[in-house]
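Here the structure is laid out as structure tokens; the discussion comes afterwards.
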Amino acid sequence: MAKIIHQVEKCIGCGNCTVAAPDHFEMGEDGKAHLKDSEEEDGNEVKEVEVTDSLKKAANSCPVQCIKIKE
Ligand code: F3S
């Protein structure tokens, strides 16, 4: 298991993560992506998940690097 940290404030809403990992990310009405079923921690969205290739792709495809995976 790993901890996914989405730094929502940095998100510019490009949508790459929602395409790469639609099971974890969705676009919100605020124009930013949101981590599904996450909890708020220090202004970030976090959750414990099994790391998948699609999740790694989401993190790597984010232009502002606001998705962190802590294994
Ligand atoms: Fe935002 Fe990065 Fe996704 S900018 S929409 S978190 S790919």
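Just so you know, ligand 1 is whichever comes first in the structure, and atom 1 is the first atom listed for that ligand. In what follows, every heavy atom counts, from backbone to side chain, and hydrogens, waters and symmetry copies are set aside.
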Within-4.5 Å side-chain heavy-atom neighbours: [X] and [Y]:
X: Cys11; Y: Val64; answer: no
X: Lys56; Y: Ile69; answer: yes
X: Phe25; Y: Asn16; answer: no

Above 12 or not: heavy atoms from other molecules or residues under 6.0 Å from CG of Asp53?
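12 or below, so no.
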Got more than 12 heavy atoms from elsewhere within 6.0 Å of CD, Gln65?
yes
How about atom 3 (Fe) of ligand 1, which protein N, O or S atoms come within less than 2.8 Å?
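Result, waters dropped: Cys17 SG.
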Side chain to side chain donor-acceptor pair (under 3.5 Å) test vs Lys47 passes for just one of His24, His6, Glu39, namely His24
Give the numbers and elements of all ligand 1 atoms closer than 4.0 Å to a heavy atom of Val64.
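Close to Val64: 4 (S).
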Legend entry - Same apolar cluster (I L V M F W Y, side chains within < 4.5 Å links), Val51/Ile5: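 Result: no, two separate clusters.
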Checking a contact table here: which protein heavy atom is nearest atom 4 (S) of ligand 1, and how many Å away?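 The protein heavy atom lying closest is Ile12 N, 3.4 Å.
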